[in-house]
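Please read the structure below before turning to the comments.
Just so it is clear, the model here is predicted, and its values are computed rather than measured.
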Amino acid sequence: MTLLHVSGLSVRFRTEDNPVQALSDVSFALEEREILAIVGESGCGKSVTAMSILGLLPSTAAISGRIALEGRDLLTLPRKELRSIRGKELSMIFQEPMTSLNPVFTVGRQVGEVLRHHEGLSRRAARDRAIELLDLVGIPAPQRRVDEYPHQLSGGMRQRVMIAMAVSCDPKVLIADEPTTALDVTIQAGILDLMRDLRDKLGTAILLITHDLGVVADVAERVIVMYAGRKVEEATAEELFEHPQHPYTMGLLAAVPRLREQPNGERDRLAEIPGMVPSLSAPPSHCPFAPRCSRADELTLSELPELRDVRPGHAVACFHPGDERTYS
Amino acid sequence: MTAPVLQVDNLKKHFPVDSGLRSSKEIVHAVDGVSFSIAPGEVLGLVGESGSGKSTVGKCILRLLEPTAGTITLQGTDITRLPRRRVRPLRRKMHMVFQDPYSSLNPRMPIGRIVGEPLRMHNLVDGSQLERRVSELLEMVALRPELRHRYPHELSGGQRQRVAIARALSVQPPLLIADEPVSALDVSVQASILNLLKDLQAELGFSCLFVAHDLSTVEFLCDRVAVMYLGKIVEMAPRKELFVHPKHPYTQALLSAVPVPDAKAQRHRQRIVLTGDIPSPVAPPTGCSFHTRCPVVQERNRIEEPQLREISGQGHHLVACHLVGPNGEAPDITRETSHAQ
Ligand SMILES: Nc1ncnc2c1ncn2[C@@H]1O[C@H](COP(=O)(O)OP(=O)(O)OP(=O)(O)O)[C@@H](O)[C@H]1O
Ligand SMILES: Nc1ncnc2c1ncn2[C@@H]1O[C@H](COP(=O)(O)OP(=O)(O)O)[C@@H](O)[C@H]1O
Ligand SMILES: [Mg+2]
Ligand SMILES: [Mg+2]
């Protein structure tokens, strides 16, 4: 069943000079118990998508479209109702746990605060529950850690505290924006395992935002690839990595160096994507990837390709999709 | 054997820091006895997690930090204790590129001056030649020469990193020190900078110390790799040897933790998730510094510090672990690290 349904979402920011069209007509659905990833390069609109869902965009943003959580349109909901949904049914974790934690309160107090606010627990009960939650997210010696301050914890432990806070009210949806980007790989592996674990245990659906294709391959079940504010491809993770259809997705996959698959010859190179991302102040009326695409032709340079299914559950916005073999 | 371009012996850098509560000073053992050398034309990768001391090693070599102990020899000259005024001329012999292309370039200088400055500072070309040389350098890093009139904020991250590379290579230094030069860039931009560095190195033949936390990047670019943990090198070997036959349990864990961008392969991989945090470099563990997280730890590792030693018959493969035998018999902590097909 669909939990969260985003349709036709567009976001435009007013700025000092030119307006920025950060999102254009983005639609997707997050199913119950699912881990859905949004992947793309810097500035493609991943965080703006997350902020739109959470109702945290600044007042300079003009939003259109629909974001429905179990049928309720979050964009038209009164502020107060939205606030009670956020943190309870809909919760989030961000890249830098230190800036989201308050340095002057113990972690127990901060986790407990959420519970007191949303669940009306007493101080005592909130503390006990906080210890349980710290235990749930794999923090060793939670009875002791509950009284520590954020600066006494490592980056990985702080991210676990953030996750404990985020799942404290048993949310339906967890939005995680680059949750492991600031962490080392050995710590990242543990956090990714934890997210999968929480989904299994608590049934929380997760919208995972990342620029790292390795992270996507590890935890995501379905993937959305974004480019210049648009969704350009969507597929199950296995399908996307095995049969990418959009030339941009293929380009990204070819650009990353891979462990133990390195060429032996001295002159071997990584695939590059020539050119630059288009300006969002003057988005083209044609395929946004066309200027960088080796398959671009007259059609690509004059019209905007619509998303269409190339296979059930695999959609791509491209006039000439397909892998190198099928395309020629 | 040819003389190394750079030789680092038992380098230590300890930072005294305020311990907060008490008035006493604590010591951060950022680099704690690191030795390696780099041959002419060789690219050595220095890899490890954040805080392991990689950047501190680089800064000590560049003399941006004063080493606490040890010696640094550049082309046969001991530069460890050169007085300040003699550090600047060293930039002809070794130059650097840093992670953040936003803060490492002077925002008030046009690109042309940024690139030409080292040449001017060392009086390497006269005025009439300078402009031409700058254009050549910009072309070398695939930037249009017209860009020399622009300012750093008008360029993209990738373009700025190209400018930093052109500037560093302008004096044709025998040694380039690159500290996480692509970590702040998007993958597609990363690819072009990595290709550029590889091409330029092949063409110009400089030696390079390439500092990075990303193992795949290091594997792509480096001839030899040193793995750091808590201020020490725990393993060092030629690229292929290290990536295919990692010996140290930490190297094995690190390699198994890197997710491969292939869903099927990644899900069928058995990976080791290390428990616990990286210990504080203020009070590094006794014995082997990895023993607090090592999945195959034995009593001896907690007490006795392992030395970096060469495995016989394995072509310059060095490892600091009591559990690795003299012929390279190593505990296999993944058992089955089936890698991407
Ligand atoms: N408050 C704002 N005002 C103006 N433009 C904005 C604002 N917030 C975001 N943008 C622009 O919207 C676009 C999308 O930004 P967003 O933060 O979603 O990128 P992202 O995909 O999360 O990138 P990253 O990987 O760097 O986090 C960018 O061009 C960004 O500059
Ligand atoms: N100026 C400094 N003062 C005190 N501690 C420092 C300083 N610079 C680095 N450190 C510490 O030294 C250790 C190694 O740091 P660094 O070399 O930057 O690691 P890496 O580059 O591997 O991430 C870390 O614990 C870091 O906090
Ligand atoms: Mg973002
Ligand atoms: Mg560093």
- [ ] Measure the spacing between CG of Asp277(B) and CG of Asp184(A) and express it to the nearest 0.5 Å.
- [x] 10.5 Å
Open item on the list: Please determine whether the number of non-hydrogen atoms from other residues, nucleotides or ligands lying under 6.0 Å from atom CZ of Arg196(A) exceeds 12.
Closed with: yes
- [ ] Identify whether the distance between the nearest side-chain nitrogen and carboxylate oxygen of Glu219(B) and Arg260(A) falls below 4.0 Å.
- [x] no
- [ ] Measure distances from Glu239(A) to the heavy atoms of chain B and classify the residue's part below 4.5 Å as side chain, backbone, both or neither.
- [x] neither
TODO: Go through His211(A), Met276(A), Gln188(A), Met157(A) and name the one with the most non-hydrogen pairs under 4.5 angstrom from chain B.
DONE: Met157(A)
Task: Charged N-O contact under 4.0 Å between Lys198(B) and Asp268(A) - done: no
- [ ] Answer with side chain, backbone, both or neither: which region of Ile278(B) has an atom nearer than 4.5 Å to a non-hydrogen atom of chain A?
- [x] side chain
Task: Smallest separation among heavy atoms of Phe243(B) and Leu259(A), with atom names - done: CE2-CD1, 3.8 Å
Task: Close side-chain approach of Asp199(B) to Arg269(A), heavy-atom, < 4.5 Å - done: yes
TODO: Identify the residues of residues 37-46 of chain A whose heavy atoms come closer than 4.5 Å to a heavy atom of chain B, ordered by number, or report 'none'.
DONE: Glu41(A), Ser42(A)
Open item on the list: Could you report the tightest heavy-atom contact between Val185(A) and Glu49(B), atom names first, then the distance?
Closed with: N-OE2, 4.2 Å
Open item on the list: At under 4.5 Å between heavy atoms, what parts of residues 225-235 of chain B are in contact with chain A? List them by residue number.
Closed with: none
Open item on the list: If I measure from the heavy atoms of chain B, does Ala271(A) come under 4.5 Å with its side chain, its backbone, both, or neither?
Closed with: backbone
Task: For Val219(A) against Arg267(B), the heavy-atom pair lying closest together - done: C-NH2, 4.0 Å
TODO: Examine distances only and state if a side-chain atom of Arg271(B) and a backbone atom of Ala189(A) form a donor-acceptor pair shorter than 3.5 Å.
DONE: yes
TODO: For the pair Arg258(A) (side chain) and Asp262(B) (backbone), establish whether a donor and an acceptor sit closer than 3.5 Å, ignoring hydrogens and angles.
DONE: no
TODO: Check each atom of Val223(A) against the heavy atoms of chain B and say whether the ones under 4.5 Å are side chain, backbone, both or neither.
DONE: neither
TODO: Would you mind checking which part of Leu194(B) comes under 4.5 Å of any heavy atom in chain A, side chain (CB onward), backbone (N, CA, C, O), both or neither?
DONE: side chain
Open item on the list: Using every non-hydrogen atom in the two residues, find where Ser216(B) and Pro257(A) come nearest and quote the distance to one decimal.
Closed with: CB-O, 3.4 Å
- [ ] Identify the heavy atoms of Phe241(A) and Pro261(B) that sit nearest to each other, and give their distance.
- [x] CD2-O, 3.2 Å
TODO: Apply salt bridge (Lys or Arg N to Asp or Glu O under 4.0 Å) to Glu234(A) and list each qualifying residue two or more places apart in sequence or on a separate chain.
DONE: Arg222(A), Lys231(A)
Task: Pairwise side-chain contact, Thr186(A) with Val273(B), heavy-atom cut-off 4.5 Å (strictly under) - done: no
- [ ] Sequence neighbours left out, what pairs pass side chain to side chain donor-acceptor pair (under 3.5 Å) with at least one residue falling in residues 270-284 of chain A?
- [x] Glu272(A)-Asn195(B)
Task: For the student: nearest non-hydrogen atoms of Ser188(B) and Ala255(A), plus distance - done: CA-CB, 4.3 Å
